[in-house]
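Report on the structure given below.
What's counted below: heavy atoms across the whole structure, side chains too, no hydrogens, waters or symmetry copies. Indexing begins at 1, ligand by ligand and atom by atom, following the structure's order.
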Amino acid sequence: MARFSGKVALVTGSSNGIGRATAIVLAKDGAKVTITGRNAQRLEETRQEILKAGVPEDHVLAVAVDLVSEEGQDKLINSTIEKFGRLDILVNNAGTAFVDSEGRVGIDQDVSDYDKVMRINMRSVVTLTQKAKEHLIKAKGEVVNVSSIAAGPQAQPEMTYYAMSKAALDQFTRSSAISFIQHGVRVNAVSPGCVTTGIGEAIGFPPGAFEKMASFWESHKECIPSGKVGQPVDIANVIAFLADRNLSSYIIGQSIVADGGSTLVMGMQAHDMMAILTS
Ligand code: NDP
């Protein structure tokens with residue numbers, strides 16, 4: 001029997017990137033999935049990819065909503081329960097960053113961008129999790145949040161508000177994990193490094209710019225020691241592991257880093273110590 005057979009999963013941000021790959025992995029492994037995003041066309045592409053993998057049509061529910069709106073969130077939860085009757089796995093994946101229209105970065109960036117990034121990356125996670133709570137408790141389910149290595153402990157002087165939103169999300173993961181485990185519900189997270197998705201254009205970078213940065217990073221061992229940018233499925237597999245109680249039941253409130261080694265490198269280690277000592 002497939003490992004998620006009989007389970008129902010709701011994956012936010014599944015009209016693209018990591019969320020799409022996660023919905024495909026979970027559905028292929030037997031889960032019924034609710035997929036969601038604002039872009040109905042991309043959402044349909046996800047649905048088609050899931051069907052192409054041999055998943056029956058009535059195992060997939062596509063709901064196009066803006067997650068920032070609480071009405072949208074209500075629609076998401078209610079339609080999932082209406083169609084599938086339960087909710088076992090909530091993947092809080094939707095997220096993004098915003099570039100400043102005047103090119104300012106870090107703490108010079110307008111505070112309206114701070115509000116926008118917090119609303120989607122953090123506030124929507126809190127309210128959606130609150131709304132899902134009773135269903136997750138009934139199912140003794142799992143929550144997996146998608147954080148980022150940008151959360152720290154290293155500084156992020158350019159994408160400061162984005163990094164702050166993910167640092168807040170990590171604390172939410174820890175704190176909600178302790179509240180929820182009293183009811184038999186596990187909460188964990190994954191912290192990806194650089195992954196090729198639609199995020200560059202969603203942030204507002206020119207087409208190809210994110211890919212240019214990614215290819216610079218993968219060719220510099222002090223940026224990505226493994227020499228490879230991540231693919232969405234690399235993160236989806238970690239999410240599936242954390243959603244699979246048979247494999248990860250003793251992991252509570254943690255964030256698993258999946259970054260090709262990026263966070264293990266300090267600036268000092270990026271240079272040849274012996275060459276410096278002997279020069
Ligand atoms: P993508 O841009 O490819 O996907 C983002 C998803 O979030 C899309 O499906 C998008 O749907 C959805 N989304 C964004 N805003 C909203 C909104 N207001 N309402 C509903 N859905 C929304 O990016 P990724 O797959 O890369 O990002 C997924 C997660 O991974 C994010 O939380 C991101 O911060 C995190 N992450 C990504 C990294 C990377 O290098 N790619 C690194 C570290 C973390 P739509 O546009 O249809 O609304």
**OP:** For residues I181 and R186, determine if any side-chain heavy atom of one lies less than 4.5 Å from a side-chain heavy atom of the other.
**Re:** yes
**OP:** Write out the protein residues near ligand 1, meaning a non-hydrogen atom under 4.0 Å from one of its atoms, in order of chain and number.
**Re:**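 Around ligand 1, where the cutoff is 4.0 Å for heavy atoms, the contacting residues are G13, S14, S15, N16, G17, I18, G37, R38, N39, R42, V65, D66, L67, V68, N93, A94, G95, I120, V146, S147, S148, Y162, K166, P192, G193, C194, V195, T197, G198, I199, A202, F210.
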Subject >> R123, CZ: over 12 other non-hydrogen atoms inside 6.0 angstrom >> reply: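 12 or below, so no.
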Original post:
What pair of heavy atoms forms the shortest contact from T263 to Q154, and how long is it?
Top reply: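 Shortest heavy-atom contact: O-NE2, 3.6 Å.
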In a table with atom names and distances, give each donor-acceptor pair under 3.5 Å that connects a side chain of residues 130-140 to protein atoms at least two apart or in another chain.
{"residue": "K131", "atom": "NZ", "partner": "E70", "partner atom": "OE1", "Å": "2.9"}
{"residue": "K131", "atom": "NZ", "partner": "D74", "partner atom": "OD1", "Å": "3.0"}

Subject >> Row check, F84 ring normal vs K32 NZ/CZ: under 6.0 Å, within 45° >> reply: no
Subject >> Any donor-acceptor N/O pair, N145 side chain to S147 backbone, under 3.5 Å >> reply: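 Here the side-chain-to-backbone pair does not exist.
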